[in-house]
Amino acid sequence: MSDLIRLESLSKSFRGRPAVTDLSLTIPKGEIFGLLGHNGAGKSTTFGMMLGHVRPDAGEAFICGHSVQKDRAGALRRVGAIFETPSFYDYLSGWQNLRFFVSLSGDVSDARFREVVELVGLTERIHDPVTHYSHGMRQRLALAQALLPDPEFILLDEPTEGLDPAGIHEMRAMIRKLRDEHGLTVMLSSHLLSEVEQLCDRVAILDGGRLVFSGAWRSGPPQWKLSLDDQAAAGDVLDRYIAECDGDVVILREGIDIADLVSDLVHAGVRVRGVELLRATLEDFYLGRTRP
């Protein structure tokens, strides 16, 4: 799988204060990738440098093989973005807003307009004035604007901010659909770590402008919590199956199926009251790698 995005030693300071320092990372094609960090960690500056809004003091960003700093038009030709707070003309309809913003950068066919409007679920309301749109509808309109150029890569800055639970669910499903059915590569930031956890297998974490982690945050063998009536009576069986044990939390030997362990425990006369897969959360992972 080729890397669609490549950041090489990006650095930026404002008034002598470092915002991003020596940031390097890659994002392969077809991935949903999360960029995480506290407020002020450097996420917005990173996005700004990737979109050419902010000129780095050092380093370079490449999108689809083109340098953003040396060939911005080429780099951003197949890029869409929701960056910072989307703004629209309230007195115009959603359709008119999209037409206006597209007219500033290029031409898009009516067929593409209809396709994108249907994709984001605004077909029935696209000709209503935006002043009557809910926050969720405005977010979908912003997503439609980002999708109109038929991008390969889309950058989403806090795409679920301010949405209610139903809106968050819809946006999450839409992001997955963009990757799974339309082949887009997605990079997103969000303070809702539970949402990032459901969407992203790989993340980058910024802390004080520096990259403190990049990669798959789910790692290591799974841990299981076993609730047994008689732990001592299970000793011989557990010894055959378990690589590590800490009280009632165990890690199985490589290649062992938890169902086989439970079956052997029952056959040995040990009553199994519960088996629980312990999953590390992205929140725990994130907080363990950043400063308070």
Side-chain angles (χ1 to χ4, degrees), residues 1-7 26-35 46-53 61-89 92-127 130 133 136-160 170-190 199-200:
M1 186 178 292
S2 60
D3 292 328
L4 195 74
I5 309 299
R6 189 171 82 254
L7 309 184
T26 59
I27 303 174
K29 186 175 182 179
E31 183 170 54
I32 303 175
F33 187 91
L35 182 65
T46 299
F47 282 170
M49 289 189 286
M50 291 176 66
L51 294 173
H53 298 168
F62 295 87
I63 302 177
C64 301
H66 298 272
S67 167
V68 175
Q69 285 66 49
K70 296 176 181 176
D71 180 17
R72 186 184 182 199
L76 302 184
R77 186 173 294 116
R78 299 291 303 277
V79 174
I82 299 179
F83 183 51
E84 300 178 335
T85 304
S87 58
F88 299 102
Y89 294 103
L92 297 178
S93 69
W95 184 274
Q96 290 169 325
N97 268 280
L98 293 179
R99 275 293 185 197
F100 171 76
F101 287 116
V102 165
S103 71
L104 301 177
S105 56
D107 189 34
V108 177
S109 68
D110 282 351
R112 178 62 182 168
F113 266 88
R114 289 190 293 269
E115 178 186 0
V116 169
V117 167
E118 182 178 358
L119 175 62
V120 301
L122 281 178
T123 301
E124 294 184 3
R125 299 292 303 276
I126 194 62
H127 294 294
V130 169
Y133 280 19
M137 292 172 65
R138 287 172 180 265
Q139 285 291 89
R140 282 187 273 167
L141 187 63
L143 183 58
Q145 181 184 340
L147 291 173
L148 279 173
D150 194 17
E152 289 184 60
F153 170 66
I154 188 164
L155 188 154
L156 305 176
D157 185 20
E158 298 289 346
T160 58
E170 290 174 359
M171 183 62 74
R172 187 196 317 137
M174 205 171 300
I175 291 171
R176 283 203 188 100
K177 185 175 183 179
L178 292 175
R179 191 268 310 271
D180 297 340
E181 298 182 18
H182 298 269
L184 269 69
T185 303
V186 182
M187 184 177 187
L188 61 88
S189 73
S190 178
L199 286 169
C200 305

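We're numbering straight along the sequence, starting at 1.
- Within 6.0 Å of CD on Glu115 lie more than 12 heavy atoms contributed by other residues, nucleotides or ligands.
- Atom CG of Leu178 sits about 8.0 Å away from atom CD1 of Ile32, to the nearest 0.5 Å.
- Put simply, the residue from Val79, Leu4, Ile63 that forms a side-chain contact (heavy atoms from CB on, under 4.5 Å) with Glu152 is Leu4.
- Within the model, atoms OG1 of Thr46 and CE of Met187 stand 7.0 Å from one another, a figure rounded to the nearest 0.5 Å.
- Note that the OG1 atom of Thr185 and the CZ atom of Arg78 stand 11.0 Å from one another [nearest 0.5 Å].
- Relative to the ring axis of Phe62, Arg6 places its NZ or CZ within 45° and under 6.0 Å from the centre.
- Among all heavy-atom pairs drawn from Pro151 and Gly80, the shortest one is CB-N, 3.5 Å.
- Contact between Pro159 and Ser189 at its shortest, heavy atoms only, is CD-O, 3.4 Å.
- Annotation: side chain of Leu98 is not in contact with side chain of Val116 (no heavy-atom distance under 4.5 Å).
- The nearest pair of heavy atoms linking Phe113 to Val102 is CZ-CG2, 4.0 Å.
- Phe101 and Phe88 have perpendicular rings, their planes meeting at more than 60° on a 0 to 90° scale where under 30° would count as parallel.
- Between the CG atom of Leu141 and the CH2 atom of Trp95 there is a distance of 11.5 Å, given to the nearest 0.5 Å.
- Scanning both residues, Val186 and Phe153, for their nearest heavy atoms gives C-CE1, 4.4 Å.
- Side-chain atoms of Leu143 and Ile82, non-hydrogen and from C-beta on, do get closer than 4.5 Å to each other.
- Contact of the Met171 side chain with the Leu156 side chain is not registered, since no non-hydrogen atoms from C-beta on lie closer than 4.5 Å.
- Between Tyr89 and Phe100, the ring planes are perpendicular. Angles over 60° get that label, and only those under 30° would be called parallel.
- Nearest heavy-atom pair across Gly34 and Cys200 is N-SG, 3.5 Å.
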Q: Kindly determine whether Phe33 and Ile5 satisfy side chain to side chain contact (heavy atoms under 4.5 Å, CB included), including the steps that lead there.
A: CA-CA 11 Å; Phe33 187 91; Ile5 309 299; over 6 Å; no
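- Taking CD1 of Ile126 as the start and CD of Gln96 as the end, the distance is 10.0 Å to the nearest 0.5 Å.
- Rounded to the nearest 0.5 Å, atoms CG (Leu155) and CE (Met50) are 5.5 Å apart.
- A distance-only check finds no donor-acceptor pair linking the side chain of Arg125 to the backbone of Tyr133 [under 3.5 Å].
- Distance alone, capped at 3.5 Å, is enough to place a donor-acceptor pair between the Arg72 side chain and the Leu51 backbone.
- Taking each heavy atom of Arg176 and Leu199 in turn, the nearest pair found is CG-CD2, 3.6 Å.
- For the pair Met49/Val68, no side-chain contact is recorded, criterion being any heavy-atom separation below 4.5 Å from C-beta on.
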